Amino acid sequence: MWSGGKDSALALLRARASGLRVTRLVNFHDDASDRVRFHATRAGVVRAQAEAIGIELRQFATGWDAYEDALVGALAGLRAEGFQGVIFGDIHLADVRAWYEERVRASGLEHLEPIWGEPSADLVREFVAGGSRAVITCVEDAKLDTSWLGRVIDHDFVRDVGALSIDAAGENGEYHSFVFAGPLFRSPLRWRPGERRRDGGFSQLDIELEDQPARL
């Protein structure tokens with residue numbers, strides 16, 4: 001299950017390191033905005049990301065009310081194609097994990113959580129120490145100000161986010177990210193900050209890819 005952010009990237013790295021063969025990224029995005037929900041990343045940017053990584057991407061556009069049906073259909077398709085399981089990047093939101101796990105197992109697939117239950121700060125440090133980098137694309141206004149938008153998740157970020165009274169990995173929705181470089185990538189993505197917007201209680205940043213059309 002691929003959001004394009006740091007947690008799904010770290011889960012993929014962990015899965016590969018354990019010997020699992022991962023051959024598809026599954027991404028859901030909002031059919032009205034054409035953006036990954038919460039992360040606010042445009043679907044076309046996620047496609048470019050998957051191409052740079054070199055794993056096949058399947059995307060599903062759906063509204064919130066139809067999300068469960070779309071997910072169940074996608075899982076049934078994976079099972080029919082012979083896939084054995086689905087990897088998630090959850091850390092410690094038990095209700096979220098339980099919701100997905102019930103539907104994954106009902107489809108006949110294994111539900112895997114490579115980073116589950118570990119300290120958030122340790123996971124962010126592992127992500128950075130391994131050479132991966134991501135950019136902050138969304139912040140919850142009540143918890144982080146807009147100066148965090150566009151910040152790269154690097155060693156300085158690890159230090160600064162660790163000094164705040166929030167979950168270091170943003171597991172409670174404090175922030176979301178887009179991975180652009182690291183050991184997953186055949187070549188890193190070159191990007192620049194784009195338009196900023198507000199959506200409810202969240203501030204968001206568009207990611208524009210260099211050598212790519214401004215709107216994918």
Side-chain angles (χ1 to χ4, degrees), residues 1-27 36 38-41 45-46 48-55 57 85-94 96-97 111-140 143-193 205 207 209-210:
M1 284 289 287
W2 185 255
S3 68
K6 64 171 178 39
D7 297 334
S8 55
L10 184 57
L12 174 53
L13 285 166
R14 286 270 192 98
R16 280 181 163 179
S18 73
L20 292 175
R21 181 169 173 260
V22 182
T23 60
R24 183 171 298 171
L25 306 177
V26 176
N27 172 251
V36 178
F38 305 119
H39 291 251
T41 311
V45 174
V46 176
Q49 180 190 50
E51 183 177 349
I53 292 171
I55 300 179
L57 174 73
V86 185
I87 297 160
F88 290 80
D90 298 312
I91 302 174
H92 55 65
L93 296 180
V96 173
R97 172 176 176 160
H111 179 275
L112 301 104
E113 295 276 8
I115 62 175
W116 178 259
E118 299 192 28
S120 291
D122 291 351
L123 291 171
V124 179
R125 280 193 291 269
E126 178 182 335
F127 175 84
V128 171
S132 295
R133 294 294 182 269
V135 55
I136 303 302
T137 58
C138 177
V139 296
E140 185 177 357
K143 298 176 181 177
L144 289 175
D145 64 53
T146 57
S147 67
W148 290 82
L149 284 176
R151 279 200 61 169
V152 171
I153 298 179
D154 56 13
H155 293 287
D156 288 342
F157 178 91
V158 171
R159 178 198 64 213
D160 294 344
V161 79
L164 303 177
S165 57
I166 65 169
D167 186 276
E171 180 73 346
N172 298 310
E174 295 93 337
Y175 69 88
H176 299 280
S177 64
F178 174 78
V179 179
F180 62 86
L184 286 178
F185 288 77
R186 297 181 297 184
S187 58
L189 290 170
R190 298 169 57 202
W191 63 275
R192 60 181 178 271
L205 174 71
I207 297 301
L209 299 182
E210 297 184 14

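What's counted below: heavy atoms across the whole structure, side chains too, no hydrogens, waters or symmetry copies. All of these numbers come straight from a predicted model, not from anything done at the bench. We count residues from 1, following the sequence as given.
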What's the spacing between [X] [atom1] and [Y] [atom2] if we round to 0.5 Å?
X      : Y      : atom1 : atom2 : value
Lys6   : Leu123 : NZ    : CG    : 8.0 Å
Ser187 : Ile53  : OG    : CD1   : 10.5 Å
Asp7   : Ile91  : CG    : CD1   : 4.0 Å
Glu126 : Arg14  : CD    : CZ    : 4.0 Å

Is the backbone N or O of [Y] less than 3.5 Å from a side-chain atom of [X], with the two atoms forming a donor-acceptor pair by type?
X      : Y      : answer
Asp167 : Ala169 : yes
Glu171 : Ser120 : no
Glu174 : Leu144 : no
Arg186 : Glu51  : yes
Tyr175 : Ala168 : yes

Applying side-chain contact (heavy atoms from CB on, under 4.5 Å), can you list everything that pairs with Arg16, at least two apart in sequence or on another chain? Leu12, Ile55, Leu184
Report the C-alpha separation of Arg133 and Phe180 in whole Å, then their side-chain angles, then the decisive distance to 0.1 Å, and conclude whether the side-chain contact (heavy atoms from CB on, under 4.5 Å) test is met. CA-CA 6 Å; Arg133 294 294 182 269; Phe180 62 86; 3.6 Å; yes
If you take all heavy atoms of [X] and [Y], which pair is closest and at what distance?
X      : Y      : answer
Val36  : Ser3   : CG1-O, 3.9 Å
Ser177 : Ile153 : CB-CD1, 3.9 Å
Trp191 : Glu210 : O-OE2, 3.6 Å
Leu189 : Ala48  : CD2-O, 4.0 Å

May I ask you to check whether Phe127 and Phe157 place their ring centres under 6.0 Å from each other? no
So, do Phe178 and His39 have ring centers that fall under 6.0 Å from each other? no
